Each structure stands twice: as structure tokens, then as C-alpha cells.
Amino acid sequence: MTDRIPLEELASLPSVYHPRLDPAGERIACFYDGSGRNELCLIDSETGDLTQVSDGEVPREARYPIEWAPDGDAVYFHRDEGGDEQNDICAFDFDDGVRAVVENDSQCILLDVSTDGRLLYASDAGAQMNLYEHDPATGERRQLTRYERPVFGGQYSPDGERVAYVTNERADLENRDTYVATVAEAAANPPDGEGEDVGARRLDVSPGGYETGVSDWTPAGDALLLTDNETDRSRVGRYDLGTDEVTWLSDGEFEESGHFVHPDGHVFAERVTEGTQRLVVYDAEGSEVATPFTDGVAWSVGGRDAGVFPDGSVLVGQSTATTRSTYYRYDPAAETATVVREPEYGAVDPDRFRDAEYVTYESTDGTEIGGVLYDSGRRPSPVVVAVHGGPPADVKQSFDAQTQFLLDRGYSVLWPNFRGSTGRGRAFKNAIHGDWGGQEQADVAAGARWIADKAWVAEDDLAVFGGSFGGYSAYWQLVRYPDLWDAGIAWVGITDLLDLFEESMAHFKTTLREQMGDPDENAELWRERSPITHVEDIEAPLLMLHGVNDPRCPVSQAREFRDALESRRGWTEGEEFEYVELGAEGHASTDIDHKIRVYRELADFLDERFPAE
């Protein structure tokens with residue numbers, strides 16, 4: 001075809017990542033790649049004008065967020081080596097340039113900055129992911145928790161004297177509880193779940209086996225905004241720390257998660273339903289007062305400290321299947337919105353982008369499965385069934401350049417939200433536990449059969465594509481449903497579960513245990529549900545893509561499968577399958593050069609092995 005969007009132009013569309021409003025409410029810091037490389041930039045909150053302030057000192061990849069220093073003179077960011085995610089925390093000082101703040105050989109993730117400048121971060125420096133505090137003024141670094149299981153998130157109270165966080169001390173691995181600890185007491189005696197943890201208390205919101213997460217503190221520090229799934233679909237509530245009573249704002253009819261409490265008491269939350277994510281605003285009394293931005297996906301940005309302007313308006317983002325992210329200034333009092341930053345399309349005509357629709361189909365056991373379908377308009381149309389990662393994640397009707405890349409080349413795309421996906425409640429999300437390669441893969445295959453039955457779909461023209469857990473699914477579909485597929489693409493995928501566990505970081509090992517049980521007690525299941533066990537059954541041509549520095553799905557997963565294709569299946573690289581290692585890259589990347597290379601590899605493979613013409 002001669003009228004395709006040049007893949008370089010589509011991959012190079014400039015993007016804004018992690019916008020954060022400064023303490024004065026005048027500048028929005030963000031990562032932005034309009035220069036062709038990810039850089040730290042500042043957006044004028046009144047005009048929307050953007051100024052680049054870094055020149056190659058920040059990472060090429062924008063995976064991890066940024067945070068302002070409370071004086072507004074610096075922005076903190078994460079720096080790793082080639083996508084290995086073993087982050088140091090650095091500061092970009094507008095007067096003095098970049099300086100390292102927290103350095104070690106482990107993973108560090110900045111979670112919050114107190115009003116007096118202390119950094120709250122999570123690190124696996126002690127093997128498991130726990131909370132630490134660093135004071136840049138004194139150089140003092142203190143460990144605040146010492147649990148055997150990972151700590152998720154962490155937020156200072158408004159006065160900086162307490163922290164709220166999530167972990168699990170119960171026997172049930174599906175459980176999550178919220179805790180509140182006094183910083184001084186936790187630093188003197190880090191809570192570890194053993195004996196009496198004097199400085200920390202668990203908020204008993206739900207019985208064991210449910211998940212309670214902390215979203216924000218109230219401005220007065222007397223209550224927490226929580227998200228809890230005891231009602232199956234997550235609900236949002238305000239927990240009074242004085243009375244231990246919860247006021248539920250949502251009733252569990254829809255999947256909702258709290259985001260932050262506005263200085264005036266309004267609560268901002270997000271509601272997921274049928275492929276959309278709506279911004280929901282509750283007043284101080286707990287009544288729903290607004291649901292602005294109902295199309296596609298909308299979200300509030302930055303929270304109370306980095307997303308609320310001096311006049312009370314809120315920084316909000318929105319994207320649809322055909323429009324890239326637009327940032328607004330939303331006034332909850334007047335219920336009006338003004339544009340802060342429009343998306344950029346360069347030389348690409350946005351009218352070329354194809355819309356999406358939410359669809360449902362029946363799986364093999366009668367369960368209704370939802371998904372997002374993009375029709376390329378070609379007749380007859382080949383189809384790519386794209387499988388999301390996670391598995392606890394879901395696909396919504398928001399802009400995805402890679403999907404538009406496939407559509408532009410004539411491929412319709414179905415994204416199934418299989419069992420294990422979020423957005424439909426705790427039971428649906430947890431249905432995959434102990435069953436990777438089981439019913440969730442039957443859901444994916446059922447989606448392929450459902451779309452193949454459409455009159456406008458080309459016969460025998462189905463490909464499966466996915467990254468991370470989606471890459472696991474691509475491998476699994478090809479070896480366990482070989483008659484269904486005509487091609488497959490596995491990107492940073494998983495092939496050997498037991499080997500993956502051995503190479504994983506401690507917090508990932510906890511997640512794998514939750515997902516598949518104990519690897520020693522269930523070794524036979526782990527082995528049977530590994531795609532490499534069934535490599536002899538693959539039939540369709542395969543493209544494997546993997547970053548050599550991937551810490552989540554190590555490149556050994558791809559190398560072992562490649563070797564097994566040659567030694568056990570008798571295939572030859574370059575003939576029956578293609579194998580590509582992506583240099584000094586990690587678990588995918590936002591880097592434009594990386595995206596261009598991936599798009600080229602996809603285009604070459606599809607043109608040769610699965611052409612749309």
C-alpha cells in the first residue's frame with residue numbers, strides 16, 4: 001500500500017508523560033519527547049507553552065514518574081541503566097543541574113515528598129520491597145518498614161509525621177491491608193509483622209482475603225481515602241482515623257478507585273465501565289456531583305499536591321480511541337473545563353485513526369467476556385487478537401499508537417479483557433489465580449473464534465500478539481491452540497514459569513506466588529503451564545522481540561524458547577521464526593528510537609508472514 005501512515009511519523013508523535021503542577025501552581029513539569037528524545041520540560045499553566053530544560057541528562061524512557069521538590073527549585077526523577085529498572089533517585093536542579101540523591105544497587109521508587117523536603121521511597125535494598133525515608137538536608141536515610149512481603153505505595157500525612165501504606169501480613173496471598181505508621185516510631189523500630197509493631201496499626205476495613213488500598217489523606221490528616229473490594233467491584237470510602245468508621249461514597253455497582261481529596265473536601269475518583277474510565281466527583285458529604293469527560297478514558301493528574309491550581313481547578317487528562325491525550329483545567333465548582341495542552345499529531349492526519357467499540361462474546365464455559373474491537377475497514381479483514389499484560393490490567397477505549405499502526409496497515413484488532421483482567425471486580429480478577437494457561441486462555445481463543453465468524457473477517461487470517469503476560473499468552477496460544485492461528489508475535493514474553501521465578505526480584509516472586517501458588521509445591525503445574533514445555537506443538541510463524549535488560553521477564557525467557565524451537569521443534573531462525581533482541585532495552589520502552597525499531601520489525605514480519613493484502 002502507498003497510502004500508509006509512515007511508521008516513523010506514527011512512532012514519533014510527541015507525548016507528554018507524568019505532568020506534575022509545581023507548588024506555586026504556575027508550571028507543569030513533565031517528560032516530553034518532541035525533540036526525538038525524552039527530556040524534562042516545563043509547561044506554562046496559563047498559556048500551555050512548553051520549554052525544554054534538560055539536555056540528555058534524564059532517561060530516554062519515561063516509565064517512572066517525577067515529583068517536585070517543595071521549594072519548586074528542583075524536580076526528582078528516576079535513573080536506571082538501559083531499562084534495567086534498578087533506579088537511583090536524582091534531582092534536576094534548575095540552577096545546578098543533575099545530582100544523585102539516593103543511590104544503591106537495588107530498585108528505588110519515589111513515592112512522596114513531604115512539605116519539609118523528605119523523600120519517601122520504596123526499595124528492595126533489603127531483599128524485599130519496603131519503605132525508606134531520605135532527608136536531603138541532612139543526608140540521613142532511614143528504613144521505615146521491614147516486612148517479608150512487599151509494601152505497596154506510601155504517602156506522607158499532610159504534616160509529614162505519619163505514613164500510610166499497603167502490605168499483607170495475613171496467610172491469604174490475595175489479601176491487602178492499609179496501615180498507618182508514625183514516622184519517628186517506625187524509623188526507630190520498623191514494623192515487620194512480627195510481635196507488636198508499636199508504630200504501625202492496621203485499618204481493619206475488610207476481613208482477610210480482600211484488598212484495601214490507600215489513595216490519599218484528607219487535607220486535615222484526620223481521615224484516609226481508601227479503595228476496597230469486599231463488595232467484589234471496588235468501592236471508594238473515607239476512613240475516619242479517630243472513630244475507625246468508614247463512609248462509603250460508592251456502592252460497588254461499578255468498579256471505582258479513589259484518587260485524591262480536594263482541599264475543599266471534594267473527592268476525585270475514577271469509574272470503569274464497558275471499556276471507558278470516567279472521572280467521578282463526590283462532594284464533602286459523599287454525594288456524587290459530577291461525571292465530566294464521559295468519552296474514552298479520563299483521569300485526574302497529580303493529586304492534591306501536584307494537580308490542584310491555586311484557584312481550586314484540577315489538572316485532568318482525557319484520551320479516546322481516536323484522540324491522543326488532552327490536558328484540561330477542570331473547575332469542580334463551575335463544572336467547566338479549559339484546555340491546557342492540546343495533543344500533537346505532526347504530519348499525521350488524525351482523521352485517519354479508526355474508532356473502537358466495546359463488545360462482548362461468550363467464552364467456552366458460558367461466561368461473558370468483554371473487549372475492545374477496532375475495525376480497520378478493510379474487506380475482508382485480517383485480524384490481530386492483542387492480549388494485554390498484567391494480568392491484572394484491562395484495555396479501554398483510549399488512544400494506542402501501536403493499535404492504530406496495525407489498523408493503518410489493514411488489520412482489525414480485538415483486545416479481549418479475559419479472566420484475570422481488572423474492571424469487573426475481585427472475583428473476575430482473581431479467577432486466573434492458580435490457572436495461568438487455563439480458562440483465561442480459553443477466553444482469548446473464544447474471542448478469536450468469535451471474531452473469525454464475522455462475515456467481514458478474512459478466512460484463515462488470525463494472528464495473536466502480546467507483550468509481558470500478553471507475550472506469555474501469545475506463546476501459549478501458539479503451542480496449545482496451534483490450529484487457530486496463522487501467525488504470532490511475542491514481545492517481552494514469558495516461556496518458563498519456574499525459571500522466571502528463580503530470576504525474579506523478591507516482590508515479583510510474591511506476585512507469582514499469588515498468581516500460581518508455591519513453585520515447589522506446585523512445580524508440576526508451573527511446568528505444565530509453561531509454553532516451553534509444549535514447544536513441539538507450535539505451527540504458525542513466530543516473531544520474538546525482547547529487551548536484553550528486562551528485569552521483569554528476563555531475556556533468558558526468549559533465548560530458551562528460541563533454542564528449544566531449534567533443538568526440539570527443528571525450526572530454523574529466519575525461516576520458520578524470527579528472533580530479535582532489542583539491545584540495551586528493558587521491559588518495553590517509550591523511547592522513540594525504540595518504538596521505530598519495534599514498528600519496523602512488526603511491519604517486516606507482518607508483510608512477509610501475515611500480509612493484509
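Because only heavy atoms are used, hydrogens play no part in the values below, and waters and symmetry mates are left out as well, while side chains stay in. All figures in this text were calculated on a predicted structure; none of them were measured in a lab.
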Apply ring pair (Phe, Tyr, Trp, His ring centres under 6.0 Å) to Tyr327 and list each qualifying residue two or more places apart in sequence or on a separate chain. none
State which residues pass salt bridge (Lys or Arg N to Asp or Glu O under 4.0 Å) with Asp537; sequence neighbours excluded, sorted by chain then number. Arg480
Tell me, please, which residues at least two apart from His546 pass ring pair (Phe, Tyr, Trp, His ring centres under 6.0 Å). none
Residues forming a ring pair (Phe, Tyr, Trp, His ring centres under 6.0 Å) with Phe561, sequence neighbours excluded: Tyr475
Salt bridge flag under 4.0 Å for residues Arg426 and Glu174: no
Sorted by chain and residue number, the ring pair (Phe, Tyr, Trp, His ring centres under 6.0 Å) partners of Tyr579 (sequence neighbours excluded) come out as none
Tell me which pairs pass side chain to side chain donor-acceptor pair (under 3.5 Å) where either residue lies in residues 447-464, with sequence neighbours left out. none
Does anything in residues 390-402 form a side chain to side chain donor-acceptor pair (under 3.5 Å)? List the pairs, not counting sequence neighbours. Asp394-Lys396, Asp394-Thr422, Asp400-Thr403
Do NZ/NE/NH1/NH2 and the carboxylate oxygens of Asp443 and Arg419 come within less than 4.0 Å? yes
Identify whether the distance between the nearest side-chain nitrogen and carboxylate oxygen of Arg568 and Glu536 falls below 4.0 Å. yes
Show me the donor-acceptor pairs, under 3.5 Å and distance only, between side chains in residues 499-508 and residues at least two apart or in other chains.
{"residue": "Glu503", "atom": "OE1", "partner": "Ser556", "partner atom": "OG", "Å": "3.3"}
{"residue": "Glu503", "atom": "OE2", "partner": "Ser556", "partner atom": "OG", "Å": "2.5"}
{"residue": "Ser504", "atom": "OG", "partner": "Leu500", "partner atom": "O", "Å": "2.7"}
{"residue": "His507", "atom": "NE2", "partner": "Gln107", "partner atom": "OE1", "Å": "3.1"}

I'd like to check the salt bridge (Lys or Arg N to Asp or Glu O under 4.0 Å) partners of Asp80; sequence neighbours left out, ordered by chain and number. none
Could you list the residues that satisfy salt bridge (Lys or Arg N to Asp or Glu O under 4.0 Å) with Arg529, not counting sequence neighbours? Asp435
Test salt bridge (Lys or Arg N to Asp or Glu O under 4.0 Å) applied to Arg569 - qualifying residues, sequence neighbours left out: Glu539
Scan for ring pair (Phe, Tyr, Trp, His ring centres under 6.0 Å) pairs involving residues 393-444, sequence neighbours excluded, and state none if there are none. Phe353-Phe399, His388-Phe418, Phe405-Tyr599, Tyr411-Phe610, Phe418-Phe469, Trp436-Phe469, Trp436-Tyr472
